[in-house]
Amino acid sequence: MTKPAVQTGAGAITVASVYVHAPFCARRCVYCDFAVKVQAEGGAEEWLEAVGAELRHTQQEGWLELADELDTLYVGGGTPSLLGPDAMAGLSEVIGRDRLGGRGLEWTAEANPESFDRRLAEAWQRAGVNRLSLGVQSFHEPTLRWMGRMHGSEGGPQAVATARAAGIGELSIDLIFGLPATVGRSWSEDLERALDLDVPHVSLYGLSVEPGTALGRAVAEGREPSVNEDRYADEFLEAAETLTRSGYVHYEVSNFARPGHEARHNSVYWEGRPYLGLGNGAHSYGPPVRRWNVRDWEAYRARALSGQGGEEGREVLDSGARELERIWLSLRTRRGLTVPERGSRTARLVDSWVREGLAQVREERVRLTARGWLLLDRLAIDLTG
């Protein structure tokens with residue numbers, strides 16, 4: 001297939017933020033629709049080889065160019081901790097040690113509790129990883145088994161302690177809400193367990209039922225209930241109240257942080273800044289072009305090693321699409337949007353949001369409330385309609 005012509009202006013776009021996808025998982029979770037390959041262990045060498053080949057192709061292509069010093073590096077998955085203790089040092093060689101030498105670098109890596117031990121934590125810390133995102137999801141044993149998670153109820157707390165002992169203090173934990181009542185999980189108790197850990201960052205993910213997943217098939221066959229929208233909303237609002245009351249800033253629809261501990265890498269996405277994505281299923285953005293890679297690991301690896309890069313497709317965003325995206329991304333953050341001109345249709349719409357408790361106007365900015373964030377997609381479309 002012929003790729004569409006891309007007009008990016010004169011010269012390459014410099015990027016200071018890189019996402020690298022690690023595809024391997026020991027088991028696919030019941031709700032998972034990510035670009036993963038089920039593989040119990042290993043794979044670091046072939047992963048580094050493929051990512052390195054893609055990076056070389058990207059640099060030769062001349063669209064995106066890595067900055068001399070990166071601001072953020074995020075290794076997600078999949079389960080990066082399955083790659084073993086030496087993988088992050090290997091990645092620093094692929095990307096370039098000099099690029100990762102800045103004092104302000106935020107290097108985040110994801111890990112699952114069952115594959116995160118002291119040896120790995122210490123090796124990652126030596127390599128330069130200074131922020132860890134732990135896939136805890138729940139502290140309730142039956143719920144973890146229902147999801148297909150491999151760590152027990154104490155896995156999350158143990159992983160947090162291991163990270164701290166290795167000198168990694170910038171920690172984030174993931175929690176999932178909106179689960180069926182049949183699993184017997186108390187959301188309130190999970191939130192209290194999270195607070196007991198006193199981590200500086202918490203990310204929330206609402207359960208979604210995707211057609212190609214094990215959960216999607218079970219729902220379609222009537223073996224599992226679909227997501228209860230009222231329960232979903234109630235648990236999101238409870239989390240927002242509980243976490244903010246405990247000193248966390250609800251700075252983005254799904255993210256809570258102690259002041260000064262917000263995720264800088266994710267802010268690159270929300271602010272529409274350019275970034276490079278490496279690995280199967282990864283996305284890159286250099287305004288106005290967005291590119292995405294082949295999702296299947298083996299197909300991606302074959303393309304990368306043959307010198308073709310990992311690209312599956314790309315699109316050029318027109319002005320309308322870019323404006324809609326800007327509004328949607330701004331509304332999902334605490335920063336919000338500039339107050340619209342008084343008397344305009346947009347201003348009247350915002351006034352109605354405020355009356356309904358969906359937004360607040362402060363310091364000439366429109367910010368959605370937690371209740372408004374539940375309706376984010378609809379409100380963004382209304383605003384651009």
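Each residue takes its place number in the sequence, starting with 1. Values below: all heavy atoms of this structure, side chains included; hydrogens, waters and symmetry mates excluded. Because the structure is a prediction, the values reported are computed rather than measured.
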Under 3.5 Å, is there a donor-acceptor pair between the side chain of [X] and the main chain of [Y]?
X: Glu235; Y: Gly178; result: yes
X: Glu54; Y: Gly279; result: yes
X: Ser186; Y: Glu189; result: yes
X: Ser115; Y: Ala111; result: no
X: Asn130; Y: Trp107; result: yes
X: Ser330; Y: Leu337; result: no
X: Arg348; Y: Gly343; result: yes
X: Arg303; Y: Glu311; result: yes

*Identify which one of Val249, Leu175, Val202 satisfies the side-chain contact (heavy atoms from CB on, under 4.5 Å) criterion when paired with Leu243.*
Val202
Pair [X], [Y]: side-chain N/O donor-acceptor within cut-off below 3.5 Å:
X: Asp190; Y: Ser138; result: yes
X: Tyr74; Y: Glu110; result: yes
X: Arg365; Y: Thr338; result: yes
X: Tyr19; Y: His21; result: yes
X: Gln308; Y: His57; result: no
X: Thr384; Y: Glu323; result: no

*With sequence neighbours excluded, tell me which residues meet salt bridge (charged side-chain N to carboxylate O under 4.0 Å, His left out) with Arg149.*
none
*Classify the angle between the aromatic ring planes of Tyr269 and Tyr275 as parallel (below 30°), tilted (30 to 60°) or perpendicular (above 60°).*
perpendicular
*Between Glu325 and Arg290, is a salt bridge (Lys or Arg N to Asp or Glu O under 4.0 Å) present by the stated rule, with each step listed?*
CA-CA 12 Å; Glu325 189 165 282; Arg290 176 174 291 110; 2.7 Å; yes
*Where do Val268 and Arg273 land on the side-chain contact (heavy atoms from CB on, under 4.5 Å) test, with the steps shown first?*
CA-CA 5 Å; Val268 172; Arg273 289 183 275 152; 3.7 Å; yes
Compare every heavy atom of [Y] with every heavy atom of [X], then report the nearest pair and how far apart it is.
X: Thr14; Y: Pro274; value: O-CG, 3.9 Å
X: Phe236; Y: Val253; value: CE1-O, 3.3 Å
X: Ala380; Y: Trp328; value: CB-CD1, 3.8 Å
X: Leu132; Y: Ala109; value: CD1-O, 3.3 Å

Near [X] [atom1], under 6.0 Å, is it more than 12 heavy atoms from other residues, nucleotides or ligands?
X: Glu45; atom1: CD; result: no
X: Asp68; atom1: CG; result: no
X: Arg264; atom1: CZ; result: yes
X: Asp382; atom1: CG; result: yes
X: Phe34; atom1: CZ; result: no
X: Arg119; atom1: CZ; result: no

Within the structure provided, determine whether [X] and [Y] are in side-chain contact (heavy-atom separation under 4.5 Å).
X: Arg231; Y: Trp187; value: no
X: Leu207; Y: Leu215; value: yes
X: Phe24; Y: Trp297; value: yes
X: Trp47; Y: Asn280; value: no
X: Thr108; Y: Thr72; value: no
X: Glu341; Y: Thr346; value: no
X: Trp270; Y: Arg335; value: no
X: Leu55; Y: Leu276; value: yes

*Could Glu298 and Lys37 be called an ion pair, given the rule that one side-chain N must be under 4.0 Å from one carboxylate O?*
yes
*asked:* Under a 4.0 Å threshold between the charged nitrogen and the carboxylate oxygen, would Arg301 count as salt-bridged to Glu49?
replied: yes
_side-chain contact (heavy atoms from CB on, under 4.5 Å) assessment of Thr162 paired with Asp117_ = CA-CA 7 Å; Thr162 297; Asp117 59 24; 5.6 Å; no
*Report the C-alpha distance between Arg131 and Ser172 in whole Å, list the side-chain angles of each, state the deciding distance to 0.1 Å, and finish with yes or no for side-chain contact (heavy atoms from CB on, under 4.5 Å).*
CA-CA 8 Å; Arg131 186 174 183 275; Ser172 179; 3.8 Å; yes
What side-chain donor-acceptor pairs closer than 3.5 Å can you find for residues 216-225, not counting sequence neighbours?
from   : atom 1 : to     : atom 2 : distance (Å)
Arg217 : NH1    : Gly212 : O      : 3.0
Glu221 : OE1    : Arg223 : NE     : 2.7
Glu221 : OE1    : Arg223 : NH2    : 2.8
Glu224 : OE2    : Trp146 : NE1    : 2.9

_Within this structure, what is the CZ-NE2 distance for the pair Arg314 and His283, rounded to the nearest 0.5 Å?_
13.0 Å
*Got a sec, which pairs hit salt bridge (charged side-chain N to carboxylate O under 4.0 Å, His left out) with one end in residues 252-261, sequence neighbours left out?*
Asp198-Arg258, Glu252-Arg332
*Show your reasoning for whether salt bridge (Lys or Arg N to Asp or Glu O under 4.0 Å) applies to Glu69 and Arg103.*
CA-CA 10 Å; Glu69 281 191 0; Arg103 292 175 60 86; over 6 Å; no
*In sequence, state the C-alpha distance, the side-chain angles, and the governing distance for Phe256 and Thr242, and then conclude on side-chain contact (heavy atoms from CB on, under 4.5 Å).*
CA-CA 11 Å; Phe256 300 77; Thr242 299; over 6 Å; no
*Do His201 and Tyr251 have their ring centres less than 6.0 Å from each other?*
yes
*Candidate pair Glu114 and Arg27, rule salt bridge (Lys or Arg N to Asp or Glu O under 4.0 Å), full reasoning*: CA-CA 12 Å; Glu114 74 277 0; Arg27 179 188 298 171; over 6 Å; no
